[in-house]
Amino acid sequence: MCKGIRKTIIIYLIIAFCFLPSILFSFKSDIYADEIIRVDPQSTGQMQPRVFEDRIVWEDIRDGTSQIYIHDISTGETYPLDPTDSIQTWSSVYSDSIVWQDYRNGYYQIYYYDLSDPATDPIRISATTSDQLYPGIYGDNIVWVDTRDGVHQIYMYSITAETVTRIDPTDYLQTTPEIYEDRIVWADFRPGYLQIYLYDIAADNSTILYPSPNDQRDPSIWEDRIVWVEHDAAIPTPDTPANIKLHDLSSGNTSVISPSSSNQMQPAISGKYVIWLDDRDGQWQVYLMDLMGFSGSSRINPSDELQDYPDISGNRVVWSDWRDLGNYPQTYLYDFPLQMQKNIFGSLFERLKYYLSTIIGIIFRIADNFLSSPQVPDNVKGEAEIENNGDKEIKEEDSQDDSKKEDILKEKEQEKETTGKQEQAIEPAIKLEIYEGPIYSEEDNVCYYRVKAIVTGKPLPDIEFSRDDSNGAWGNNRAQVNLYDLNDSYTLTAVAANRAGTATDVIELCWECDVEEQENDYQPAAAEYGIAFGIDYANPNKYLIQGKQSKISDHTILKTLYSNKKNLDNLGNIYHWLKDEFTSYSAGGKTIGKVTAEELLEKMSLGGCHDYALVYSAVAREIGYPAVMIRTSSIVWIKSFKTDEEEARPRIGHVFVEVYLDNRWILIDPTNGWYFDEGYDPANPVIPLRGNIAGQTEEIYGFYVEKKGFDIWDMGIYNQLDSGISMDEMARRVNLDSIVYPDYNFKRFSEE
């Protein structure tokens, strides 16, 4: 047998060297042709593609809402992963496993699907009443950003152990996790700006990767190499230059991948290749560098149109590209098994090295197949094969029993798996405890309690509260109950459930807050922005993240608003876009809390100042501007309310937006096109805007700030009734004699 193998290898070597000259010198051979293809041509948008080996996944809107689609490169087949009416976004793929964030339960949750077992349904990996975002997967582990603890934190789920773990708990924002083998990287805000952190799953410890005075974000990891975006400032503005950095854990070396005065973002690494988006050519385009090459970075596929969301696996690069359908991006694939050798190396030596390594690899695979193939003599054909299933051996006498054997084996495995799970399951137990309160909130005029559920059971039980006025802000096992009157009380019930059973506990809550006459004590903003109305103005990057009501999944509609430079003209463009592209009508406040930014973008219709401000702030964040929504009440109306509450109808208010630009916060009225950009004080509750506001008569005294947040859901307002109660409570407590009128000189966006 060994002689046969040697003979075969010699034959293949002779064939290889016979064709070597034509391989080295035939520059027009098809083997060097560009391998750039549009993966699945169709007339609607495809966003955020991800690739692993032969599989590509992306967000697709061909069915009217964002759904996860999958393309198998080896078969050419394309199909929806799990067709539903819900929004599906931000997918990730590893081998047969797909994960994504899904809105079918009224908030984003991480779902997991195993392609190798198509008979099973998608699995929601951790049922909570809070958002779960940006999933990634490698092997047995899934990572994501979870909001159950009141701040964005990194969580991990083990598929086989069915366990959920909070990675490196902190009180600071964590975002964009990536995982490779037993390492997780993410961007962490604990130093006061974003820095890359590294967590070792096996060692159960974390560390800051490469301390820097500059903002770091969007990490990607492969083996010992980690890449990320690093800005030239701790709190960058939209114009702050950013380059891609690489850190090698084995050597400890850190370097800039491709030094440039241009902006770079969205890096990804696989093997010796790094890709990213680069705007050096006046438009965001995908660039690639071979870390072992000699000629620097290379623009993969030049185009005059925007390219976005690049990803890489081995020799395959995918991205979203706007070249074909204008407002609708398509997923493109670049496969460069030998094309990169021509474009980057370009030398005969490199061609020869690549060619020989390929031939030798083929020969060794052939030899391996010879050695590993079972040698069965003719005289034992039909002899029984024995397969071990635990402690039982199943013999088959001939090939006709194959299907029967497979059925028996499958049945035994399912029985063993079910039995194991039943043995491991433990019934839940639950106990409710008050961990904060009763506390009086002057701003909201409520007496609130925060309650936690202490639970046991295996697997860890899911918890459902009869009421949670925080809407999941404090975590999966915590709830807040607001009491609005001295005689108000509530019995909070919580149910813990797993596959072994359920358990229930209750706790009585009543108003026990001592309330004294409250006076407003607003202080003007310091030279350095601080915290006012619960907004951390010193850290504007916190407000680049969307709220639950302001999420935008389909970015194609925003294409015309993206710009490499950030300035007031861009902010004016958003206002003109709302005025020119949307229909406007007077809803009388009926849409307050009833619609999301995505629904308004789909209908292209706005029903008042709440709708204008919601879409404006959401779009601003999406294209790179930190933004905050502001609810206000007319000062004229507040005076009327204090004189006679019953006669002070209708209520009169307005909604503004604050946007961060050029190291300052700017006040904007997105309904009417007013703005104020010099000397604005976010801590002063008075907005002395004159003019016709939202169809009301002239307000000579302006408006008084009621609440601020990502959106009005973030402010605890979900309908017109909530809005009215909030306005009345604010009007009762405000002391108009103590207010200070700032000297704002408002301007209008150009009407051009």
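In what follows, every heavy atom counts, from backbone to side chain, and hydrogens, waters and symmetry copies are set aside.
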Original post:
Without hydrogens or angle criteria, can the side chains of Asp308 and Ser320 be said to hold a donor-acceptor pair below 3.5 Å?
Top reply: no
Subject >> Ile159 and Ile137, any side-chain heavy atoms less than 4.5 Å apart >> reply: yes
Original post:
Tell me, do Trp186 and Asp168 make a side-chain contact under 4.5 Å, heavy atoms counted?
Top reply: yes
Original post:
Is there a donor-acceptor contact under 3.5 Å linking the side chains of Gln174 and Asp188?
Top reply: yes
Subject >> Distance under 6.0 Å and angle within 45° of ring axis: Arg316 vs Phe52 >> reply: no
Subject >> Geometric cation-pi criterion Arg55 and Tyr94, 6.0 Å radius, 45° cone >> reply: no
**OP:** Determine whether Gln48 and Ser91 make a side-chain contact, defined as any pair of heavy atoms from C-beta on separated by less than 4.5 Å.
**Re:** yes
Subject >> Aromatic ring pairing Trp90/Tyr309, orientation class (parallel under 30°, perpendicular over 60°, tilted between) >> reply: perpendicular
Subject >> Between Gln109 and Asp102: side-chain donor-acceptor atoms closer than 3.5 Å >> reply: no
Original post:
Less than 4.5 Å apart, any side-chain heavy atom of Gln153 and any of Thr170?
Top reply: yes
Original post:
Taking it one step at a time, do Gln88 and Gln101 satisfy side-chain hydrogen bond (donor to acceptor under 3.5 Å, both in side chains)?
Top reply: CA-CA 6 Å; Gln88 301 172 350; Gln101 58 189 46; over 6 Å; no
**OP:** For residues Leu288 and Asp290, report the shortest heavy-atom separation together with the two atoms involved.
**Re:** CD2-N, 4.2 Å
Original post:
Between Arg217 and Asp215, is the closest basic N to carboxylate O distance under 4.0 Å?
Top reply: yes
**OP:** Tell me yes or no: between the side chains of Glu53 and Ser95, is some donor less than 3.5 Å from an acceptor?
**Re:** no
Original post:
Mind checking whether Asn570 and Leu561 have side chains closer than 4.5 Å, heavy atoms only?
Top reply: no
Original post:
If we ignore angles and hydrogens, is there a donor and acceptor under 3.5 Å between the side chains of Arg280 and Ser258?
Top reply: yes
Subject >> cation_pi(Arg62, Tyr69) dist<6.0 Å, angle<=45 >> reply: yes
Original post:
Can Arg190 be said to sit on top of Tyr197's aromatic six-ring, NZ or CZ under 6.0 Å from centre and within 45° of the ring axis?
Top reply: yes
**OP:** For the residue pair Asp114 and Ser97, confirm or rule out a side-chain donor-acceptor distance under 3.5 Å.
**Re:** no
Original post:
Within a reach of under 6.0 Å around OH of Tyr112, are more than 12 heavy atoms found that belong to other residues, nucleotides or ligands?
Top reply: yes
Original post:
Hey, are the side chains of Leu558 and Val619 touching, using non-hydrogen atoms and a 4.5 Å cut-off?
Top reply: yes
Original post:
Hey, are His152 and Thr147 close enough side-chain-wise for a donor-acceptor pair under 3.5 Å?
Top reply: no
Subject >> Carboxylate-amine/guanidinium proximity below 4.0 Å for Asp146 and Arg166 >> reply: no
Original post:
Would a 4.5 Å heavy-atom cut-off, applied to side chains only, mark Leu333 and Ile73 as touching?
Top reply: yes
Original post:
Which heavy atom of Ile269 sits nearest a heavy atom of Ile221, and at what distance?
Top reply: CG2-C, 3.8 Å
Original post:
Regarding Asp182 and Tyr138, is there a side-chain donor-to-acceptor distance under 3.5 Å anywhere?
Top reply: no
Original post:
Taking the six-membered ring for Trp, are Trp276 and Tyr287 parallel (under 30°), tilted (30 to 60°) or perpendicular (over 60°)?
Top reply: parallel
